[in-house]
Amino acid sequence: MQPIAQFIAGLPKAELHVHLEGTLEAELKFELAARNKLDLPYADVAAMRASYVYHDLPSFLTIFYEGSEVLLHEADFRDLVYAYLKKVASQNVLYAEMFFDPQQHTDRGVPFAVVIEGLTQGRLEAERDFGIRSKLIMCFVRERSAQNAMAVFEMALPYKHLIVGLGLDSDEKDNPPAKFAEIFRRGREEGFRLTMHCDVDQLNTHEHIRQAIEVIGVERIDHGANLLDRPELIAAAREKGVFFTVCPFANEMMRPGENQSIARRMLDLGLRLTLNSDDPAYMEGKYINENMLMAHELADFGPEDFIAVSRNAFDAAWIDEDLRDELHGCLEAYALSSIQPMAAR
Ligand SMILES: [Zn+2]
């Protein structure tokens, strides 16, 4: 393994932008389909993976939503989150905040309680078995109505101690942040932390970023690349201390050949950049380490840059200060023990 890959592998990390439904690997999909007596329209794992061909956000989402239909019972949701946390614990992720989209499931007749209880069980078992800490962020599917989102918000309230934050994802076209302003206002009142997707190069993206920062008052933006086009948005993000959860593979998918200039420019401008995997099961199996390696290969991120990224992620995490101190302690010890030996090579 090249030294930088080794450095990334050992780096203490947090992942803050990953969709649990997007971590459902083809192998597990077949396993769950068999358990739930469902037929999949693919002969095997290889044929299923070969079908993951998309060229923009809507075509990606079609494949993504089909995949989730094997998730029916508490044990399925438990297995989903457990598999993801097991995988990233092996990549030295110490803490993860994971998105889930309850509407994908409740609209198919799966009770909210089944989703949240299965996910919670998987989280707790992964912490017991691998020591990895995690929390859940509930996302609203933005192309559905604000009423539909409000209905699922109400369903979530009895479980709010199991959910740290609210997010907004899926098809952004004609679905601006302001459409959900009332839900996010109520969410803040109920104690949820707030984030939202502003995907790369979407229609009206600058206005969406402005609304997310100024109307909704998010603490983080998921992606948010187009902020770089407008000095006034950069200034607003700086003033409010907004964090960015950027995903290298998704950047290249949305803007082929961009060579991680989004991540590089954010870092160089002193914006609060974090690096993440988004939907690794649908993105050539690239989890957080492989995404970081892309930032190295395409935009020359080095050890100091990755330490800055991890530091940002621990600062951005919605955790208590004891855990934050512990995570920073692991990172600073790693920095001390690895940077000088690397430089000497
Ligand atoms: Zn995402």
What about [X] and [Y], same hydrophobic cluster or not, with Ile/Leu/Val/Met/Phe/Trp/Tyr joined at side-chain heavy-atom distances under 4.5 Å?
X: Ile209; Y: Leu203; answer: no
X: Tyr95; Y: Val81; answer: yes
X: Ile137; Y: Val93; answer: no
X: Met98; Y: Val164; answer: no
X: Phe243; Y: Ile216; answer: no

Is [X] reaching over with its side chain to a backbone N or O of [Y], donor-acceptor style, under 3.5 angstrom?
X: Gln103; Y: Val141; value: yes
X: Arg324; Y: Ile319; value: yes
X: Lys135; Y: Trp318; value: yes
X: Asn92; Y: Gly10; value: yes
X: Tyr52; Y: Ala281; value: no
X: Glu258; Y: Asn251; value: no
X: Arg220; Y: Leu194; value: no
X: Asn276; Y: Cys247; value: no
X: Asp44; Y: Ala46; value: yes

Atom pairs and distances, donor-acceptor, side-chain atoms in residues 115-125, under 3.5 Å, two or more places apart:
| from | atom 1 | to | atom 2 | distance (Å) |
| --- | --- | --- | --- | --- |
| Thr120 | OG1 | Ile116 | O | 2.7 |
| Gln121 | NE2 | Glu125 | OE2 | 2.9 |
| Arg123 | NE | Ser134 | O | 3.3 |
| Arg123 | NE | Ser134 | OG | 3.2 |
| Arg123 | NH2 | Ser134 | O | 2.9 |
| Glu125 | OE1 | Arg78 | NE | 2.9 |
| Glu125 | OE1 | Arg78 | NH2 | 2.6 |

So, [X] and [Y]: side-chain donor and acceptor under 3.5 Å apart, yes or no?
X: Ser170; Y: Glu143; result: yes
X: Asn289; Y: Lys13; result: yes
X: Asp229; Y: His206; result: yes
X: Glu172; Y: His208; result: yes
X: Asp222; Y: Thr245; result: yes
X: Asn312; Y: Asp315; result: no
X: Glu207; Y: Gln211; result: yes
X: Asn148; Y: Ser145; result: no
X: Gln91; Y: Glu15; result: no
X: Glu69; Y: Gln104; result: no
X: Thr205; Y: Gln202; result: no

Would you call [X] and [Y] a side-chain contact if the rule is heavy atoms closer than 4.5 Å?
X: Leu24; Y: Val70; value: yes
X: Met283; Y: Ser277; value: no
X: Glu66; Y: Ile63; value: no

How long is the gap from [atom1] on [X] to [atom2] on [Y], to the nearest 0.5 Å?
X: Leu71; Y: Glu21; atom1: CG; atom2: CD; answer: 7.0 Å
X: Asp199; Y: Asp278; atom1: CG; atom2: CG; answer: 7.5 Å
X: Met48; Y: Tyr42; atom1: CE; atom2: OH; answer: 6.5 Å
X: Glu97; Y: Leu16; atom1: CD; atom2: CG; answer: 5.0 Å
X: Leu267; Y: Thr274; atom1: CG; atom2: OG1; answer: 11.5 Å
X: Arg142; Y: Lys173; atom1: CZ; atom2: NZ; answer: 13.0 Å

Checklist entry - Taking atom CG of Asp39 as the centre, does the number of heavy atoms from other residues, nucleotides or ligands within less than 6.0 Å exceed 12? => result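 No - once you tally the heavy atoms of other residues, nucleotides and ligands closer than 6.0 Å, there are 12 at most.
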
If you look at every heavy atom in [X] and [Y], which pair is closest and at what distance?
X: Val45; Y: Phe30; result: N-CE1, 3.6 Å
X: Leu271; Y: Leu228; result: CD1-CD2, 4.1 Å
X: Pro176; Y: Phe180; result: O-CD1, 4.0 Å
X: Cys139; Y: Asp169; result: CB-OD2, 3.5 Å
X: Pro248; Y: Leu275; result: CG-CD2, 3.9 Å
X: Ala250; Y: His223; result: CB-CE1, 3.9 Å

Checklist entry - With sequence neighbours excluded, what pairs up with Arg144 under the salt bridge (charged side-chain N to carboxylate O under 4.0 Å, His left out) test? => result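 So Arg144 forms a salt bridge (charged side-chain N to carboxylate O under 4.0 Å, His left out) with Asp107.
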
Quiz: residues 293-306 side-chain donor-acceptor pairs under 3.5 angstrom, not counting sequence neighbours:
| from | atom 1 | to | atom 2 | distance (Å) |
| --- | --- | --- | --- | --- |
| His296 | ND1 | Phe301 | O | 2.8 |
| Asp305 | OD2 | Arg264 | NH2 | 3.3 |
| Asp305 | OD2 | Gly302 | N | 3.0 |

Verify the ring-centre separation between [Y] and [X]: is it less than 6.0 angstrom?
X: Phe130; Y: Tyr82; answer: yes
X: His105; Y: Phe77; answer: yes
X: Tyr54; Y: Tyr282; answer: no
X: Phe112; Y: Phe153; answer: no

Item to check | Listed once per pair and sorted, the salt bridge (charged side-chain N to carboxylate O under 4.0 Å, His left out) pairs that draw on residues 184-196, sequence neighbours left out | outcome: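 Non-adjacent pairs meeting salt bridge (charged side-chain N to carboxylate O under 4.0 Å, His left out): Glu154-Arg186, Lys160-Glu190, Glu182-Arg185, Arg185-Glu189, Arg193-Glu219.
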
Item to check | Sequence neighbours excluded, every pair satisfying salt bridge (charged side-chain N to carboxylate O under 4.0 Å, His left out) that has a member inside residues 26-38 | outcome: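 Every salt bridge (charged side-chain N to carboxylate O under 4.0 Å, His left out) pair that includes a residue of residues 26-38, provided the two are not neighbours, is Glu27-Arg49, Arg35-Asp76, Arg35-Asp79.
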
Checklist entry - Between His197 and Phe99, how do the two ring planes meet: parallel, tilted or perpendicular, split at 30° and 60°? => result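 His197 and Phe99: tilted rings.
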
Next on the checklist: Would you call the rings of Phe184 and Phe140 parallel, tilted or perpendicular, taking 30° and 60° as the class edges?
Outcome noted: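 Rings of Phe184 and Phe140: perpendicular, as their planes differ by over 60°.
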
Item to check | Qualifying side chain to side chain donor-acceptor pair (under 3.5 Å) pairs, either residue in residues 233-242, two or more places apart | outcome: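 Of all non-adjacent pairs touching residues 233-242, none passes side chain to side chain donor-acceptor pair (under 3.5 Å).
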
Checklist entry - Any Lys/Arg nitrogen of Asp201 or Arg255 sitting under 4.0 Å from an Asp/Glu carboxylate oxygen of the other? => result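 Counted as a salt bridge, because a side-chain N and a carboxylate O are separated by less than 4.0 Å.
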
Next on the checklist: Taking side chain to side chain contact (heavy atoms under 4.5 Å, CB included) as the criterion, tell me which of Asp101, Leu85, Leu80, Asp279 meets it with Leu20.
Outcome noted: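 Among Asp101, Leu85, Leu80, Asp279, the one meeting side chain to side chain contact (heavy atoms under 4.5 Å, CB included) with Leu20 is Leu80.
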
